[in-house]
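One structure is given below, encoded as structure tokens.
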Number of protein chains: 2
Amino acid sequence: MAKKREMASMENCVCFNMRRFSRAFAHFFVSELQHHGLLPTQTPILAALAAKPDANMAELSDWLGMDRTTLVRNLHPLERDGLVKASGKGRGNRVSLKLTTKGQSTLGEFVPDWQKTQRKVVETLGEARWNEILDDLERAASSLNK
Amino acid sequence: MAKKREMASMENCVCFNMRRFSRAFAHFFVSELQHHGLLPTQTPILAALAAKPDANMAELSDWLGMDRTTLVRNLHPLERDGLVKASGKGRGNRVSLKLTTKGQSTLGEFVPDWQKTQRKVVETLGEARWNEILDDLERAASSLNK
DNA sequence: CATGTTGGTGTGTATATGCACTTTATTACC
DNA sequence: GGTAATAAAGTGCATATACACACCAACATG
């Protein structure tokens, strides 16, 4: 049985613990997948662009749940390395973001390895449990930030 | 009932979603507590120092689950603002970290407001559910990074 | 047509994160 | 006591995060 936590004590702060877990899981994914040369913030961007080509900055950042201005900067290394192409750059102009051919193939090589890592993580608690946890966290987060 | 997720699909990446939730909860805590002038990484440090005075860099970073070198830098604003005092600074020297009087009073004023915010978050899913989730995530994370 | 409003973008500043590496003090061993 | 090994702390670099702000294009309104 799990020990009951005193939720009014700061060591059980939801914000602190979410940050902590976020670092811990990122550490595991990075250690398993670093040979692809992709960081944990970059692969979701590539995957999102594969699923939704020609997205805006605003649309994409919204979908990824990150600040728009953070996305602007996170794209720079990906553009520099030729994985993403941004057409119509410039202030006031809509930007159309696309995966390059290199971006597609890089992502294509990454996914199978990522699936192995994800599987290891899912096995820790089981798929059903992870499903519930992700759903609950989604529900909690969206009920707060409205 | 919650829709079943395809866990082999990158939009359900545990790493990505943990980062996303982490940002979302941090956003809520910051918006509610920013008038105290403390950022979400800083308050756990103050709370840890209140509970464990005279901690090392290494001990403290270990307890907080963050990289030691990250802690070194996160302490700078707190030292600059006079909330934390580091005695015996310097390479090779053990550092003894302490809350200053100002640090104690700042933390003392912060905690009641933090508890209100934490309560709002805990209410989203209920205390029992949050307990399970935090325990499960702890278990999953520690089974991976060993 | 001038102007004002709005939506989409990029920048300045400050903090956060962690790996590889460096620097220094202490401890171990002879 | 001198030197090697170890432990503790800090730095360089690159990336991540987000608020406040500036910028620009297209469109609305008079």
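Just so you know, these numbers come straight off a predicted model, no measurement behind them. Below, read A as the first sequence line, B as the second, and so on, with proteins coming before strands; counting in each chain starts at 1.
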(Q) How close do Q115(A) and A8(B) get, counting heavy atoms only, and between which atoms? (A)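 That would be NE2-O, 3.0 Å.
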Q. To the nearest angstrom, how far is E79(B) atom CD from dT15(C) atom C1'?
A.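 Checked: the CD to C1' distance equals 15 Å.
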Q: Would you kindly give the CZ-to-C1' distance between R23(A) and dT15(D), to the nearest whole Å?
A: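 Going from R23(A) (CZ) to dT15(D) (C1'), I get 16 Å.
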Q: Anything under 30° is parallel, anything over 60° is perpendicular, the rest tilted; go ahead and classify W130(A) against F25(A).
A: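 W130(A) and F25(A): perpendicular rings.
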Q. Using 30° and 60° as the class limits, which term best fits the ring planes of F110(B) and H36(B): parallel, tilted or perpendicular?
A.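 Perpendicular.
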Q) Can you name the one residue among V30(B), D81(B), T106(B) that meets side chain to side chain contact (heavy atoms under 4.5 Å, CB included) with L38(B)? A)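 For L38(B), the side chain to side chain contact (heavy atoms under 4.5 Å, CB included) check succeeds only for T106(B).
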Q.
I want to confirm an ordering. Mapping H27(B) and P77(A) to their closest nucleotides on DNA chain D, which one lands closer to the 5' end?
A.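 On the 5' side of the pair lies P77(A).
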Q: State whether the number of non-hydrogen atoms from other residues, nucleotides or ligands found under 6.0 Å of K85(A) atom NZ is greater than 12.
A: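 Counting other residues, nucleotides and ligands, NZ of K85(A) stays at 12 neighbours or fewer.
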**Q.** Selection: residues 29-40 of chain A, any non-hydrogen atom under 4.0 Å of DNA chain C
**A.**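 Hits under 4.0 Å, by residue number: none.
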**Q.** salt bridge (charged side-chain N to carboxylate O under 4.0 Å, His left out), paired with D135(B), selected from R129(A), R5(A), K4(A)
**A.**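 Exactly one pass, corresponding to R5(A).
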Q.
Can you work out whether R19(A) or N93(B) has the more 5'-proximal nearest nucleotide on DNA chain C?
A.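 This one resolves to R19(A).
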**Q.** Under 3.5 Å: donor-acceptor pair, side chain of R19(B), backbone of A26(A)
**A.**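 Flag not set: sc R19(B) to bb A26(A) has no pair under 3.5 Å.
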Q. By a strict heavy-atom criterion of less than 4.0 Å, which residues belonging to residues 50-75 of chain B are in contact with DNA chain D?
A.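 Those residues whose heavy atoms fall under 4.0 Å from DNA chain D, taken from residues 50-75 of chain B in numerical order, are N56(B), M57(B), A58(B), R68(B), T69(B), V72(B), R73(B).
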Q.
Please classify the nucleic acid contact of H76(A) as base, sugar-phosphate, or nothing, using heavy-atom distances under 4.0 Å.
A.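 Nothing: the residue H76(A), judged by heavy atoms under 4.0 Å, touches no strand.
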Q | Electrostatic pair R139(B):E132(B) at N-O distance under 4.0 angstrom | A |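 No, R139(B) and E132(B) are not salt-bridged.
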